[in-house]
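Just below is one structure, and these are the notes that go with it.
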Amino acid sequence: MVEEYKEHYSVLKKECLDYLYLDSEEHDQLLFADCTFGAGGHSLAIVKRDEKAKLISFDQDPDALKNGRVLIKKNGVEDRLFLHDSNFCHFKDIVMGNHADLVEANGGLNGVLLDLGVSSHHFDEGSRGFSFRVDAPLDMRMDYDNDNIQTAKDIINRYSAQDLANLFRDYGEEKYAWRIAERIVLERDKNGPINTTFQLADLIKDCYPKKLQFGRIHPATKCFQALRIEVNRELDVITDVINQVLPLLKIGGRILIISFHSLEDRIVKKLFKDYEKNGLGEMLFENEVKKPIIPSDEEIAENSRSRSAKLRVLKRVVSKKSKNKYEKFSKIEN
Ligand SMILES: C[S@@+](CC[C@H](N)C(=O)[O-])C[C@H]1O[C@@H](n2cnc3c(N)ncnc32)[C@H](O)[C@@H]1O
């Protein structure tokens, strides 16, 4: 457990708020969810924008939760911001198990935000093992209290060469995936387990041609991304959560997703397209932005980590059978 939660710049904050609050004057109460509380930047901005807003937030990281509880109290929003210690893949159970009364009274959710991936805290707090810039045990679990989740060390030392190569290729788009995988297996057979970020980063660097070893981007970047995605099942949970959120949106409600790499964005883009085309039962959806929203040059200058962000917005629209454009209390489909 770390004492200090590292700063996190909330990406595309203004754009998210504007979309979440579009048409908000039509409602006398507002109910939102933020699946990725992190440092609370988006969550606090959502509840502060309008006192009638209530927000159900999630995070699975013990540091984010501890810091979040303090922030919520400090900002005096305990009666409107409900933070849950849960993976957002349990969205429906948590929301309906704890807040069914709010959801039903509001006729569904007005908006749900996901700001995917890890926070700056994960990278900057070297002891968590996400960064190859600090020597630490290879962990990479966002939910580090959960012993049922395999760590990066488990994966590196247990997977076969073929599975490691697939992982680095599929989740890291790593050109030297097979070479790196073979080297890992050779190393652990010869010298025992690979335990630390430095051990792994050095080994990966060694697999790169000499002239590419000292470029702007560290050779270990892609494999570290792949490991992080595997440890936290980051891609699987996107599909899970979208499928659970959509049936709980009220008419006019939106789901907003910020992704940070093409693997995430591909999933979001495809699912949003499918739901726009085929709907969900009688529910209809449309992509509110045809092209994803990206940060302005000013935002990128202020926070270089935002440069790969893409925001997509899917909106629930009037069902074919409904006559009113915006039914105030639409039926929630379970
Ligand atoms: C990019 S940060 C969010 C930052 C936040 N929007 C802010 O303004 O501070 C992502 C956060 O979501 C959490 N997270 C990522 N995947 C999660 C999941 N499947 N379930 C719950 N929390 C998750 C991470 O622990 C991290 O704190």
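Order of appearance sets the numbers: ligands from 1, and atoms from 1 within every ligand. All values below come from the heavy atoms of this structure, side chains included, with hydrogens, waters and symmetry mates left out.
With a heavy-atom cut-off of 4.0 Å, His122 touches ligand 1 through its side chain alone. Under 4.0 Å from ligand 1, not a single heavy atom of Val241 appears. The residue Cys89 has no part lying near ligand 1, judged by heavy-atom distances below 4.0 Å.
Under the 4.0 angstrom criterion for non-hydrogen atoms, Phe37 is in contact with ligand 1. Between Ala45 and ligand 1 there is no heavy-atom distance shorter than 4.0 Å. Distances shorter than 4.0 angstrom do not occur between any heavy atom of His121 and any atom of ligand 1.
Looking at Asn232, Asp115, Asp61, it is Asp115 that brings a heavy atom closest to atom 4 (C) of ligand 1. Looking at Ala39, Ser119, Gly117 and measuring to atom 10 (C) of ligand 1, the nearest heavy atom belongs to Gly117.
Counting the atoms of ligand 1 from 1 in the order shown, those under 4.0 Å from a heavy atom of Ser10 are 7 (C), 8 (O), 9 (O). Close contacts between ligand 1 and Gly41 involve ligand atoms 7 (C), 8 (O), 9 (O) [criterion: under 4.0 Å to a heavy atom]. Every atom of ligand 1 with a heavy atom of Met142 under 4.0 Å away is listed here by number and element: 14 (N), 15 (C), 16 (N), 24 (C), 25 (O). For ligand 1, the atoms sitting less than 4.0 Å from at least one non-hydrogen atom of Ser86 are 20 (N), 21 (C), numbered in the order shown with element in parentheses.
Between the side chain of Asp163 and the main chain of Tyr159, no donor-acceptor pair closer than 3.5 Å is present. At distances below 3.5 Å, not a single donor-acceptor pair connects side-chain atoms of Asp34 with backbone N or O atoms of Ser57.
At a 3.5 angstrom cut-off on N or O pairs, Asp59 counts as close to ligand 1. Ligand 1 has no nitrogen or oxygen under 3.5 angstrom from a nitrogen or oxygen of Leu116. The shortest N or O to N or O distance between Asp34 and ligand 1 is not below 3.5 Å.
The pair Arg233-Asp236 meets the salt-bridge criterion, since a charged nitrogen lies less than 4.0 angstrom from a carboxylate oxygen. Looking at Lys291 and Asp265, no side-chain N of the basic residue comes within less than 4.0 Å of a carboxylate O on the acidic one, giving no salt bridge. The pair Glu174-Arg169 does not meet the salt-bridge criterion, since no charged nitrogen lies less than 4.0 angstrom from a carboxylate oxygen. Classification of Asp143 and Arg141 as a salt-bridged pair fails, no side-chain N sitting under 4.0 Å from a carboxylate O. Using a 4.0 Å cut-off between charged side-chain N and carboxylate O, Glu173 and Arg266 make a salt bridge.
With hydrogens left out, the protein atom closest to atom 22 (N) of ligand 1 is Gln60 N, 3.3 Å, a heavy atom. Regarding atom 19 (N) of ligand 1, its nearest protein heavy-atom neighbour is Asn87 OD1, 3.0 Å. In this structure, atom 20 (N) of ligand 1 lies nearest to the protein heavy atom Phe88 N, 2.9 Å.
In the model, Asn166 has a side-chain atom that pairs as donor or acceptor with a side-chain atom of Gln162 under 3.5 Å. With 3.5 Å as the limit, one finds no donor-acceptor pair spanning the side chains of Lys92 and Asn243.
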Trace of the salt bridge (charged side-chain N to carboxylate O under 4.0 Å, His left out) decision for Arg128 with Asp63: CA-CA 11 Å; Arg128 303 287 298 270; Asp63 296 348; 3.0 Å; yes

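Geometrically, Arg49 engages Tyr21 in a cation-pi contact defined by less than 6.0 Å to the ring centre and at most 45° from the axis.
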